[in-house]
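All chains are named by letter (A, B, ...) in the order of the sequence lines, taking the proteins before the strands, and each is independently numbered beginning at 1.
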2 protein chains.
Amino acid sequence: MMNLNSRPGRIGTPCLACPLRMKPAFEDKTDDEIRFIQAMKTDHRSLKAGSDIISPDQESAELYTLFSGWAFRYKSLPDGRRQILNFLLPGDIVGLQASLLAAAQHGIEALTDVELCVFPRKRIWDLFVRMPNLAYELAWLGSREESMIDDNLTSVGQRNASERIAALVITLYRRADALGLVSDSSFDFPLSQQQLADALGLSLVHTSKTWSKLRKAGLFTISGGRLTLLNPRLTARMAAVYEQSKAPRPLI
Amino acid sequence: MMNLNSRPGRIGTPCLACPLRMKPAFEDKTDDEIRFIQAMKTDHRSLKAGSDIISPDQESAELYTLFSGWAFRYKSLPDGRRQILNFLLPGDIVGLQASLLAAAQHGIEALTDVELCVFPRKRIWDLFVRMPNLAYELAWLGSREESMIDDNLTSVGQRNASERIAALVITLYRRADALGLVSDSSFDFPLSQQQLADALGLSLVHTSKTWSKLRKAGLFTISGGRLTLLNPRLTARMAAVYEQSKAPRPLI
DNA sequence: CAGATTCAATGATGAACCTCAATTCGAGGC
DNA sequence: GCCTCGAATTGAGGTTCATCATTGAATCTG
């Protein structure tokens with residue numbers, strides 16, 4: 001029997017009907033802008049969890065938007081130590097730094113199975129010439145990412161193990177919430193403890209111990225890859241994390 | 001007697017004759033571009049060491065280029081802990097993130113006496129509309145800054161105290177070198193140990209002890225606020241830091 | 001030059017975190 | 001149902017780093 005599946009074609013859902021775009025987390029765009037984005041998008045790509053989206057030192061990387069799934073940026077030292085720099089959720093821009101600079105200074109890996117909207121590097125210049133508003137928003141998104149890394153650096157540099165975990169969990173919770181991925185205070189949480197450790201700058205063992213300490217203290221529970229945050233207020237206070245802006249952001 | 005000093009007027013040296021721009025660290029620009037930058041610059045401001053260039057939570061911050069001196073970006077937790085995110089040297093863009101986002105998520109402080117070229121926030125949009133090449137370079141500079149913070153996060157998350165110090169010293173050395181500020185392997189090094197500690201995510205005491213351990217080990221000497229790097233190769237190896245790109249970068 | 005102030009250096013002690021090692025748990029595969 | 005394999009948990013012991021406290025050096029002030 002022929003497989004008449006509902007899977008969209010080479011470039012996926014038309015951008016005008018993009019389900020992400022409907023979410024309140026994202027700004028409205030003019031039809032003109034969306035048509036430009038649609039024309040710029042050359043592919044809709046699916047990757048398995050664990051695959052490289054951008055490999056370290058890759059030259060002339062392409063630009064993506066994460067359509068579904070989670071990913072992370074990371075940086076490795078020659079002896080194998082690895083720091084996870086930040087996590088990427090649906091709607092986030094992927095590879096902006098790598099596509100603007102001559103060569104990627106980091107890797108980007110799919111944390112879960114992901115779908116990506118592909119924008120070839122060459123057309124970025126076009127966007128700057130023809131769509132200054134989109135160019136501005138691209139720069140804005142870059143600054144937003146920098147701001148999130150600032151937070152992570154502050155966390156890793158200043159907070160102890162418990163605070164770091166609390167800060168990471170509450171931040172991811174809020175980001176998932178903004179995307180409508182939270183229900184009954186719980187959301188999909190696909191990180192392994194090794195990945196947690198690499199993001200927090202802690203050893204695997206110490207991460208595991210602190211993680212279960214916080215679970216036993218009643219901060220959150222986890223089962224079936226889903227995390228339920230039992231006391232968001234407490235978690236936020238423990239991490240000394242401020243409310244973050246809920247204003248809609250650009251989606252490109 | 002009237003003070004006929006040689007200090008330039010309200011907007012300082014004309015951008016076409018900017019001494020920074022002459023340095024090999026920076027790309028050549030067309031006269032057109034430089035004239036646009038000149039027109040966009042509304043002030044040339046001098047600040048004393050220790051003053052705030054952008055204060056935490058400041059709204060609608062202006063955009064600057066650091067003309068002379070050093071500065072740093074930092075982020076504080078409510079209880080007073082502070083993380084220095086990165087250092088700014090002459091030619092670096094100052095406040096891009098703060099001027100693109102609605103409110104600054106960090107503070108920027110003058111580490112030494114500084115001079116700044118002031119570009120009002122309002123004209124940034126103008127730049128995106130009329131000068132796509134400059135807009136692209138602005139985004140490029142933002143990505144470069146992000147890349148430097150990535151490095152710092154990796155350092156704080158993965159390296160031990162000695163490695164962190166080595167990485168910071170070698171990185172600052174190379175950046176100073178690119179600006180022609182190094183002679184006989186030595187350069188001005190205006191950081192206090194408290195600032196070092198805040199940048200490295202270490203306590204003041206441990207920073208002091210590790211710092212003198214590395215001096216005694218013959219990595220570098222310091223006197224009169226000037227640091228001499230005795231063994232750049234060894235320092236780079238200890239930090240496991242790669243060569244970084246020496247390609248010229250945009251100056252705006 | 002005495003007094004105040006800031007920054008750097010260093011010893012003592014304890015807590016936080018790391019490494020090594022062993023064990024348990026859970027999800028396939030057959 | 002049993003085996004395998006990766007991920008998570010837990011204990012023991014060691015190291016790094018933080019905190020507290022004191023002193024010395026350098027700079028400023030009146």
Could you tell me how far apart [X] ([atom1]) and [N] ([atom2]) are, to the nearest whole angstrom?
{"X": "A:L202", "N": "D:dT15", "atom1": "CG", "atom2": "P", "value": "20 Å"}
{"X": "A:R81", "N": "C:dC18", "atom1": "CZ", "atom2": "P", "value": "12 Å"}
{"X": "A:L191", "N": "D:dA7", "atom1": "CG", "atom2": "P", "value": "14 Å"}
{"X": "A:L200", "N": "C:dC18", "atom1": "CG", "atom2": "C1'", "value": "15 Å"}
{"X": "B:F189", "N": "C:dC7", "atom1": "CZ", "atom2": "P", "value": "16 Å"}
{"X": "B:L214", "N": "D:dT16", "atom1": "CG", "atom2": "P", "value": "14 Å"}
{"X": "B:L196", "N": "C:dC7", "atom1": "CG", "atom2": "C1'", "value": "12 Å"}
{"X": "A:Q158", "N": "D:dA18", "atom1": "CD", "atom2": "P", "value": "10 Å"}

- Which is true for A:S192 with a 4.0 Å heavy-atom rule: it touches a base, it touches only sugar-phosphate, or it touches nothing?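 Sugar-phosphate contact only - A:S192 comes under 4.0 Å of backbone atoms but never of a base.
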Using a distance-only test with no angle check, is there a side-chain donor-acceptor pair under 3.5 angstrom linking [X] and [Y]?
{"X": "A:Q105", "Y": "B:S147", "value": "no"}
{"X": "A:T207", "Y": "A:Q193", "value": "no"}
{"X": "B:R226", "Y": "B:S186", "value": "yes"}

- Heavy atoms of other groups near A:D79 CG, more than 12 under 6.0 Å: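 Check passes, neighbour count above 12.
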- Applying side-chain hydrogen bond (donor to acceptor under 3.5 Å, both in side chains) between A:H106 and each of A:K75, A:R73, A:Q83, report the one that passes.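 The option that passes is A:R73.
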Measure all distances between protein nitrogen or oxygen atoms and nitrogen or oxygen atoms of nucleotides 9-14 of chain D, and list the pairs falling under 3.5 Å.
unit_1	atom_1	unit_2	atom_2	d
D:dT9	OP1	A:R215	NH2	2.7
D:dT9	OP2	A:Q193	OE1	3.2
D:dT9	OP2	A:Q193	NE2	2.3
D:dT9	OP2	A:S208	OG	3.3
D:dG11	N7	A:K209	NZ	3.3
D:dA12	N6	A:K209	NZ	3.4

- Query: Would a distance-only check, ignoring hydrogens and angles, find a side-chain to backbone donor-acceptor pair under 3.5 Å from B:S99 to B:G95?
  - Reply: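 Here the side-chain-to-backbone pair exists.
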- Between the two ends of the helix from C:dC1-D:dG30 to C:dC30-D:dG1, what is the bend in degrees, rounded to 10 degrees, where each end axis spans five pairs?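 Answer for the end axes of this duplex: 40°.
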- Heavy-atom closest pair, residues B:F26 and B:P90: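 So the two residues come closest at CZ-O, 4.1 Å.
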- Message: For a 4.5 angstrom cut-off between non-hydrogen side-chain atoms, does B:R249 reach B:D92?
- Response: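 Counting from C-beta outward, B:R249 and B:D92 do come under 4.5 Å.
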- Message: Students often mix this up, so state it plainly: with edges at 30° and 60°, are the rings of B:Y173 and B:F187 parallel, tilted or perpendicular?
- Response: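 Taking B:F187 first and then B:Y173, their aromatic rings stand perpendicular (interplane angle over 60°).
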